[in-house]
Structures are given as structure tokens and as C-alpha cells.
Amino acid sequence: MSAVAFAEKKLAQNGFLDLEVDPTLDLFEEIEKLKREKNAIILAHYYQESEIQDIADYIGDSLGLSQRAAETDADIIVFAGVHFMAETAKMLSPSKKVLLPDLKAGCSLADSCPPHIFRKFKEKYPEHVVVSYINCTAELKTLTDICCTSTNAVHVINSIPKDKEIIFAPDINLGRYLVKKTGRDMVLWNGSCMVHEIFSHEKITKLMVRYPEAKFIAHPECETHILDKADYIGSTSGLLRYTKENEATAFIVATEAGIIHQMQKASPHKTFIPAPPNNTCACNECPHMKRNTLEKLYLCMKHELPEIILPEWVIEQGVPSIDRMLEVSAKAGL
Ligand code: 13P
Ligand code: SF4
């Protein structure tokens with residue numbers, strides 16, 4: 001291997017993949033070629049850049065992405081999403097190579113629940129069942145009885161016998177929403193998503209007055225005072241479905257703005273207004289999701305780096321919590 005190739009590889013595995021890409025390259029064509037040559041599949045979350053969504057083999061929410069990762073026969077899974085999602089794919093398909101274009105694509109929600117602190121917290125509730133939102137580290141999943149996503153969370157909670165008490169981690173906003181929705185009183189970990197906590201109640205109210213026909217739709221990671229205003233609450237795939245099926249022609253959307261690409265594609269005649277944040281920056285974009293670019297995607301497929309590597313014990317002890325979630329989802333037809 002040449003010194004340059006070695007340096008590129010090292011940089012890539014370290015997550016500093018900011019190498020120059022020849023600007024004359026047609027990256028769509030190059031990525032398609034690499035997909036065929038390497039039998040690779042690109043799985044992308046709805047919050048990715050539009051051009052990444054457009055080249056992906058599958059675009060979906062966290063549940064759909066894990067289902068695809070579990071069933072694919074590709075040799076390489078290229079995960080256009082964030083770290084915990086790529087880890088989940090690795091846990092479900094440990095024999096496959098799982099790549100993440102930028103290893104630094106993390107998640108504020110996953111970071112808000114460090115496993116060593118959660119372990120101590122859990123010791124106070126030895127009889128409780130631990131339900132963790134999939135937006136958590138692989139190590140947290142080893143301390144979890146069953147995972148959930150925003151699509152299947154209600155089904156997961158309802159699958160737990162009524163006489164069992166529950167700890168819900170790490171998202172306090174989703175947790176509060178689930179307490180209301182299921183009537184189960186749960187011990188909640190105090191974590192949150194930096195994107196979904198930024199929406200301005202006042203600015204949304206103003207928009208609702210300005211566009212009285214518009215439906216206000218929100219992701220359950222939003223705070224309760226925002227959710228209380230919503231006409232519909234759902235996961236990214238739920239929100240997308242609602243905008244397709246509902247007769248309204250305008251929607252105020254309180255979730256990461258990347259989803260609007262698919263909403264607009266599916267309903268070109270409808271208007272989508274991103275719910276405004278509290279300040280003037282573009283904070284309704286997830287800085288972690290947006291670390292992935294088409295250039296990094298291309299380089300990562302070319303060099304097959306950075307790769308997700310997990311200790312065997314993490315896979316062994318973490319995967320049952322995901323498998324249980326997938327079982328509940330399959331039973332519910334999700
Ligand atoms: P879903 O796509 O499963 O609704 O999750 C949203 C999210 O925050 C992913 O990071
Ligand atoms: Fe994490 Fe929030 Fe970004 Fe999703 S949108 S990856 S929950 S920080």
C-alpha cells in the first residue's frame with residue numbers, strides 16, 4: 001500500500017475524513033460503481049443530506065433501518081446516519097463490514113446517558129425492566145432488557161406485563177409522551193435530543209395563526225409543551241405517512257429538517273414549513289447527521305473505512321435487547 005493510501009486509511013479510521021475529492025468526479029456514478037463492485041448497500045436516515053438520500057438503497061426511520069440491516073445479504077453496509085445506528089447494524093449483522101462515513105457523527109441523546117453512570121442508577125431499581133430508546137450506545141444496550149424506536153415504543157411498553165415496573169432511558173421527552181400514551185408510570189432518565197428541544201413555542205404559535213389551515217406535526221422527542229400543540233405526533237416515517245395521507249396542503253414540521261426532502265418529493269403540491277428554533281441559527285438541523293457528506297460517503301466506500309468495530313461481549317450482551325424489539329414489532333405488523 002502506498003504511503004498516501006496508508007495515510008488516507010489512517011485518517012479515515014480516525015474519523016478525520018476531510019480529504020479533497022476530485023471536483024470533476026461524478027460522485028453519484030462513482031458511488032453506484034462502488035456499490036456494484038463491493039456488493040454494498042447504503043442505508044440512510046431521513047435526516048441525511050438530500051443528495052445522500054437520493055443515492056441510498058433504502059431511506060428510513062430507526063426501525064426500518066435496523067430491519068434492513070438485519071436482513072440484507074450485502075457484504076458491506078454503508079450507514080448514512082449516526083454512530084448508534086451503525087452500531088445497531090453491526091450488532092444485527094456482526095459478520096458484515098459496517099461503515100460510517102464520519103465516525104464523529106454522534107448523537108446528543110446517546111451521549112446524555114453514559115453507561116457507567118446508568119449502571120449505578122439501574123442498581124437502585126433491581127426489579128425494574130429497562131426499556132431504552134434505540135438512540136443510545138451499544139454499551140447501554142447491554143444494560144437494557146428491550147429497545148424501542150419512536151415507531152414501536154407504545155407496542156414495546158404495552159408488551160411488558162402490567163405488574164412490572166419500568167425504567168425508560170435515555171429520552172425524557174419521549175418518556176413523558178409514553179407515560180401519557182400508555183398510562184404506565186415509568187422511572188425516566190433525564191436525557192434529550194439537542195435538535196428536538198430547540199423549537200420555539202412562541203414562533204410555532206405565530207406560524208399557526210399565519211397558516212390556520214396548516215397541520216402542526218411533531219416528533220415525540222420534542223418537549224411536552226410543543227407536543228401539546230400538535231395535530232399529529234409520530235416517528236419520522238409516521239410524520240411522512242401523515243403528510244401523504246392527510247388532505248391538508250400545508251404542514252408545520254417539528255423535527256429535523258432533512259425529512260422535508262421526502263415529504264416534498266412525495267407531495268410536490270403541498271407546502272412544508274420547518275418549525276422554527278428559539279434563535280436564528282439553523283438548529284433544526286442535526287449537526288451529527290449532517291457530518292456525513294457525499295464526498296465522505298464516496299471516500300468511505302472506496303477505502304472501506306471508517307469501520308464500526310465492537311467488542312464481542314457488547315454484541316453478545318446487547319443484541320437480545322434489539323432482537324426483542326424486532327419481535328414485538330413483527331408481532332404488531334410494523
Ligand atoms: P426515528 O427516525 O426513528 O423517528 O428517529 C428520529 C431520530 O432522532 C433519529 O436520530
Ligand atoms: Fe441524536 Fe437528535 Fe441528532 Fe437524532 S436528531 S441523531 S436524536 S441528536
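All heavy atoms count here, side chains included; hydrogens, waters and symmetry mates do not. Counting starts at 1 for both ligands and their atoms, in listed order.
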Against His45, only a single residue in Asn292, Ile59, Thr236 fulfils side chain to side chain contact (heavy atoms under 4.5 Å, CB included); can you say which?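 Among Asn292, Ile59, Thr236, the one that satisfies the side chain to side chain contact (heavy atoms under 4.5 Å, CB included) with His45 is Thr236.
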Would you mind telling me if ligand 1 is within reach of the side chain of His219, the backbone, both or neither, using heavy atoms under 4.0 Å?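 Under 4.0 Å from ligand 1, His219 contributes side-chain atoms alone.
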Tyr47, portion touching ligand 1 at heavy-atom distance under 4.0 Å: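 Near ligand 1, Tyr47 shows its side chain, while the N, CA, C and O stay back.
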So, does [X] sit close enough to ligand 1 that a heavy atom of it is under 4.0 Å from the ligand?
X	result
Cys193	no
Asn135	yes
His45	yes

Do any N or O atoms from the side chain of Ser237 and from the backbone of Asp61 form a donor-acceptor pair under 3.5 angstrom?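 Not at all, since once roles are kept as given, no pair shorter than 3.5 Å links the two residues.
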Using only atom types and a distance under 3.5 Å, with no angle test, would you say the side chain of Lys122 pairs donor to acceptor with the backbone of Leu143?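 Checked: pair present.
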In the protein, which heavy atom is nearest to atom 3 (Fe) of ligand 2, and how far is it?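 Answer for atom 3 (Fe) of ligand 2: Cys286 SG, 2.4 Å.
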Tell me the protein heavy atom at minimum distance from atom 7 (S) of ligand 2, and give that distance in Å.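 The protein heavy atom lying closest is Asn135 ND2, 3.2 Å.
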Hey, are His261 and Asp54 close enough side-chain-wise for a donor-acceptor pair under 3.5 Å?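 Their side chains do contain a donor-acceptor pair, which is all the 3.5 Å distance test asks for.
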Going by atom types alone, do Ser192 and Asn173 pair a side-chain donor with an acceptor below 3.5 Å?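 Judged by distance alone, the side chains do not pair up.
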Measuring from [X]:[atom1] to [Y]:[atom2], what's the distance to the nearest 0.5 Å?
X	Y	atom1	atom2	value
Phe168	Cys148	CZ	SG	4.0 Å
Phe216	Ile273	CZ	CD1	11.0 Å
Glu295	Glu20	CD	CD	10.0 Å

Not counting sequence neighbours, list each pair that qualifies as a side chain to side chain donor-acceptor pair (under 3.5 Å) and has a residue in residues 240-251.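 Only Tyr242-Asn246 qualify under side chain to side chain donor-acceptor pair (under 3.5 Å).
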As an exercise, identify every atom of ligand 1 less than 4.0 angstrom from a heavy atom of Thr236.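 With Thr236 as reference, the close atoms of ligand 1 come out as 1 (P), 2 (O), 4 (O).
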[X] to ligand 1: N or O pair under 3.5 Å?
X	value
Ser62	yes
Glu221	yes
Thr149	no

Decide whether the shortest distance between a heavy atom of Glu221 and an atom of ligand 2 is less than 4.0 Å.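 Yes, Glu221 has a heavy atom closer than 4.0 Å to ligand 2.
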Which bit of Cys107 gets closer than 4.0 Å to ligand 2, counting heavy atoms only: side chain, backbone, both or neither?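 Both of them.
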Who gets closest to atom 5 (S) of ligand 2 by heavy atom: Ser112, Cys193, Ser150?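 Nearest heavy atom to atom 5 (S) of ligand 2 lies in Cys193.
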